[in-house]
Amino acid sequence: MSDMMEDMEGGEGVVKKFMFVNRKAPHGTIYALEGLEVVLISAAFDQDVSMVFADDGVYELIKGMNTKGIEVKDFSRTYRALDGYDIEKLYVEKASMEARGLTEDDLIVDVTVLDSAEMANLMAEQDIVISY
Amino acid sequence: MSMLHIVNKSATERNSVESCLRLASKGSVVLLIEDAVYAATQGSVAAAKIQAAMADLQIYALGPDLDARGMSARVLDGVKVVDYGGFVDLVAENNTCQSWL
């Protein structure tokens, strides 16, 4: 991180590949919401950001949430605002989606669906991976 | 004697749902809340286990938690959806409660 700060201060604008891996369902724990907040903060640093949704993280993207009954913030709409922050690389692992009986049509944003091998390659080429 | 089993963890992240279904005795009541409600939805890997368990157990899911997760339209046939009032009724109707953390 200190490297990054120096890079920024030097005005060099070094761009690193950041991947945020989301593996938790929304609402039951705070991970999904906090993870999303970190991604939004990262947008301020003009980095090459990818978001991955795997395992229960796929549930973060389900359409039609109504959180009134449990009195918490419905942050699922925020995913639709990500392209406004130039975060457009959203990836979903196919096996995770299928294991939950879900299809791309069930998701609130457009994503790229990758099989596990493709996801592994994408992960391997990152400079920094942050997982929730 | 009847026991209410309350589970709040995702079946695809923890084994709480699986253990509960294995250890709940016949005639018991199981209430799925919070992230456990995903187990009672069509196409999930836990759905078959829930369906098999319905032969011996009554399975309930908390409606507000299904709504919050966008899962209300996907609930398995035979799973009864209750609101918070129904949750209280289940607690009152059963002799004992067990929360599977």
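The structure displayed is predicted, hence computed values, not measured ones. Just so we're on the same page: letters track the sequence lines, and every chain starts at 1.
- In this structure, B:Gln58 places its CD atom where more than 12 heavy-atom neighbours from other residues, nucleotides or ligands lie under 6.0 Å away.
- When hydrophobic clusters are built by joining Ile, Leu, Val, Met, Phe, Trp and Tyr residues whose side-chain heavy atoms come closer than 4.5 Å, directly or via intermediates, A:Tyr79 is grouped together with A:Val49.
- Remark: A:Lys68 NZ is loosely packed, at most 12 non-hydrogen atoms of other residues, nucleotides or ligands lying under 6.0 Å away.
- Residue contact with chain B, scored on non-hydrogen atoms closer than 4.5 Å, involves the side chain of A:Asp56 exclusively.
- Both the backbone and the side chain of B:Glu13 come within less than 4.5 Å of a heavy atom in chain A.
- Under a 4.0 Å N-O distance rule, the pair B:Asp35/A:Lys24 does not qualify as a salt bridge.
- B:Tyr60 and B:Leu32 fall into different hydrophobic clusters, defined by Ile, Leu, Val, Met, Phe, Trp and Tyr side-chain heavy atoms under 4.5 Å apart, directly or through other members.
- Contact count against chain A (heavy-atom pairs under 4.5 Å) is highest for B:Ala68 among B:Gly70, B:Ala68, B:Pro64.
- To the nearest 0.5 Å, atom CG of residue B:Leu66 and atom CE of residue A:Met65 are 12.5 Å apart.
- When all heavy atoms of A:Pro26 and B:Tyr38 are compared, the closest pair comes out as CD-OH, 3.3 Å.
- Note on B:Ile50: it does not cluster hydrophobically with B:Val45, by side-chain heavy-atom contacts below 4.5 Å among ILVMFWY residues.
- The number of heavy atoms from other shown groups lying within 6.0 Å of CZ (B:Arg74) is above 12.
- Contact count versus chain B (heavy atoms, under 4.5 Å) is highest, among A:Ile70, A:Thr67, A:Ile62, for A:Ile70.
- Among residues 93-105 of chain A, the residues having any heavy atom closer than 4.5 Å to a heavy atom of chain B are, in sequence order, A:Glu98, A:Ala99, A:Arg100, A:Gly101, A:Leu102.
- Residue A:Val111 is grouped with residue A:Ile108 when hydrophobic side chains (ILVMFWY) are merged at heavy-atom distances under 4.5 angstrom, including chains of intermediate members.
- Counting non-hydrogen atoms of neighbouring residues, nucleotides and ligands closer than 6.0 angstrom, the OH atom of A:Tyr31 reaches no more than 12 such neighbours.
- Residues B:Met54 and B:Leu4 are members of separate hydrophobic clusters, defined by side-chain heavy-atom contacts under 4.5 angstrom among Ile, Leu, Val, Met, Phe, Trp and Tyr.
- Judged by distance alone, with hydrogens and angles left aside, the side-chain atoms of A:His27 form no donor-acceptor pair with the main-chain N or O of B:Glu34 at under 3.5 Å.
- The environment of A:Glu125 atom CD is dense: over 12 non-hydrogen atoms of other residues, nucleotides or ligands sit within 6.0 angstrom.
- Inspection of non-hydrogen atoms places no residue of residues 112-123 of chain A under 4.5 Å from chain B.
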